Peer 1: 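If you scroll down you'll find the structure; I have some questions about it.
The model shown is predicted, which means the values in this text are computed figures rather than measured ones. Values reported hereafter were calculated over all heavy atoms of this structure, with side chains retained and with hydrogens, waters and symmetry mates removed.
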Amino acid sequence: MHAVVTARVPQEIRDQVHSKLRDIGSSPTELINAAYEYLLATGSLPDANPAEAPLRITLTDKQANELRFRLRHATRPVPDTFWRRVVEDPREGA
């Protein structure tokens with residue numbers, strides 16, 4: 001069973017796309033089916049401007065080690081007595 005999909009596109013873009021589809025021997029139906037399959041496979045729309053993709057920052061080994069060092073020193077152990085007090089009476093100390 002097939003369903004009909006209707007969409008509004010600027011006339012200028014539609015004409016240009018139809019021309020390109022003819023050039024490659026394809027059709028609007030194939031284009032829409034490919035778009036639907038792409039979304040199902042990836043969970044997102046195709047990125048028309050890959051240069052504008054979100055910036056992904058990677059750390060050098062030195063930076064990663066520095067971050068690990070800082071995180072280790074930014075956390076401190078809590079004495080067991082703290083947890084016992086919270087379990088016995090959570091309102092105590094509030």
Peer 1: Would one find more than 12 heavy atoms of other residues, nucleotides or ligands at under 6.0 Å from atom CG of Asp61?
Peer 2: no
Peer 1: Assess the residue pair Arg68 and Arg72 against the criterion (side-chain contact (heavy atoms from CB on, under 4.5 Å)); give the C-alpha distance rounded to whole Å, side-chain angles, the decisive distance to 0.1 Å, and a yes or no.
Peer 2: CA-CA 6 Å; Arg68 283 186 200 96; Arg72 265 196 311 276; 4.0 Å; yes
Peer 1: Using modelled atom types only, decide if a donor and an acceptor are shared between the side chain of Ser19 and the backbone of Asp15 within a distance under 3.5 Å.
Peer 2: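 Checking the backbone N and O of Asp15 against the side chain of Ser19, no donor-acceptor pair under 3.5 Å is found.
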Peer 1: Could you tell me whether a side-chain N or O of Gln63 sits under 3.5 Å from a main-chain N or O of Thr60, the two making a donor and an acceptor?
Peer 2: yes
Peer 1: Closest approach of Tyr38 and Leu45, non-hydrogen atoms and distance?
Peer 2: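 Between these two residues, the closest heavy atoms are CE2-C, 3.7 Å.
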Peer 1: Within this structure, what is the CD-CG distance for the pair Gln16 and Leu21, rounded to the nearest 0.5 Å?
Peer 2: 12.0 Å
Peer 1: Dump the intermediate steps for salt bridge (charged side-chain N to carboxylate O under 4.0 Å, His left out) on Glu66 and Lys62, then the final yes or no.
Peer 2: CA-CA 6 Å; Glu66 176 71 16; Lys62 181 179 178 182; over 6 Å; no
Peer 1: Starting at CG of Leu31, measure out to NE2 of His18 and round the result to the nearest 0.5 Å.
Peer 2: 8.5 Å
Peer 1: Measure the CD-CD distance between Glu37 and Glu30 for me, rounded to the nearest 0.5 Å.
Peer 2: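 Answer for the CD-CD pair, Glu37 versus Glu30, is 10.0 Å.
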Peer 1: Please check if Leu59 and Leu71 belong to a single hydrophobic cluster, counting links between Ile, Leu, Val, Met, Phe, Trp and Tyr side chain heavy atoms closer than 4.5 Å.
Peer 2: yes
